[in-house]
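Worksheet for the structure shown next.
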Amino acid sequence: AQSVTQPDIHITVSEGASLELRCNYSYGATPYLFWYVQSPGQGLQLLLKYFSGDTLVQGIKGFEAEFKRSQSSFNLRKPSVHWSDAAEYFCAVGLTGTASKLTFGTGTRLQVTL
Amino acid sequence: NAGVMQNPRHLVRRRGQEARLRCSPMKGHSHVYWYRQLPEEGLKFMVYLQKENIIDESGMPKERFSAEFPKEGPSILRIQQVVRGDSAAYFCASSPPYSSGGAGEQYFGPGTRLTVT
């Protein structure tokens with residue numbers, strides 16, 4: 001069964017600083033990988049996804065993520081964080097080749113200081 | 001194109017009552033998923049449905065919970081005889097048919113926050 005680990009429960013960065021959120025997955029083949037963002041009291045918004053091809057994927061709001069097969073990682077990055085990026089971020093994995101359930105990590109709560 | 005719609009957004013039930021949560025997928029999407037989010041936790045998969053079929057219910061509690069996605073109308077998640085432990089946010093997601101080029105990405109609704117008193 002697939003699993004996702006987000007080792008950082010809570011991260012605080014200053015506005016304008018760079019950001020990297022870690023995600024490690026466990027899955028027997030190349031998975032579908034996703035990052036979602038959730039603001040308080042809201043649903044989840046898809047930031048970006050990786051299915052195949054270029055291992056560096058660009059998403060919305062200036063985010064990017066890099067798939068590293070050797071490390072089973074899919075870390076999310078942003079070069080310069082804005083105060084509006086404060087939210088909960090979830091990494092998720094799905095099965096390749098079919099529509100199926102997503103398995104989520106426990107999330108990383110991002111706080112941005114001014 | 002309207003997103004995934006869920007209603008009600010907030011639902012309060014007393015212990016022992018029934019809760020019915022509704023989800024209308026995005027236009028053109030034929031796959032519906034339900035997830036539950038407990039406070040300070042990530043989302044846990046409950047059930048995956050296509051029209052008139054339950055595809056995967058491996059995350060559904062064995063008792064009191066049921067889901068349907070009829071030919072017409074929204075998907076319904078039904079919780080009978082609710083208990084305090086059912087208090088959570090319930091999210092619905094939808095995805096396009098895989099054959100249409102959709103590759104598993106899911107779009108989420110705003111959620112229904114169930115409180116059991």
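In what follows, chains are A, B, ... by sequence order, proteins preceding strands, each numbered from 1.
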- Query: Any link between L21(A) and Y50(A) through a network of hydrophobic side chains (Ile, Leu, Val, Met, Phe, Trp, Tyr) touching at under 4.5 Å?
  - Reply: yes
- Which bit of L102(A) is near chain B, if near means a heavy-atom gap under 4.5 Å: side chain, backbone, both or neither? both
- Query: In terms of heavy-atom pairs under 4.5 Å, which option from L43(B), I55(B), D56(B), V47(B) contacts chain A the most?
  - Reply: L43(B)
- Message: Counting only non-hydrogen atoms closer than 4.5 Å, does Q37(B) touch chain A with its backbone (N, CA, C, O), its side chain (CB onward), both, or neither?
- Response: side chain
- Looking at G111(B), G59(B), P110(B), which one has more heavy-atom pairs under 4.5 Å with chain A than the rest? P110(B)
- Query: Counting only heavy atoms not in I9(A), do more than 12 fall under 6.0 Å of its CD1?
  - Reply: no
- Item | Which atom of F91(B) lies closest to which atom of Q38(A), heavy atoms considered | CZ-NE2, 3.4 Å
- Query: So how far is it from Y107(B) OH to L46(A) CG, rounded to the nearest 0.5 Å?
  - Reply: 6.0 Å
- Is there a donor-acceptor pair closer than 3.5 Å between any side-chain N or O of E105(B) and the backbone N or O of L48(A)? no
- Reported NE2-to-OG distance for the pair H31(B) and S100(A), which is rounded to 0.5 angstrom: 10.5 Å
- Message: Quick check: is I76(B) connected to L49(B) through a chain of hydrophobic side chains (ILVMFWY, heavy atoms under 4.5 Å apart)?
- Response: no
- Under a 4.5 Å heavy-atom cut-off, does chain B meet the side chain of Q6(A), its backbone, both or neither? neither
- Query: What are the two closest heavy atoms between Y36(A) and Q106(B), and how far apart are they?
  - Reply: OH-O, 2.6 Å
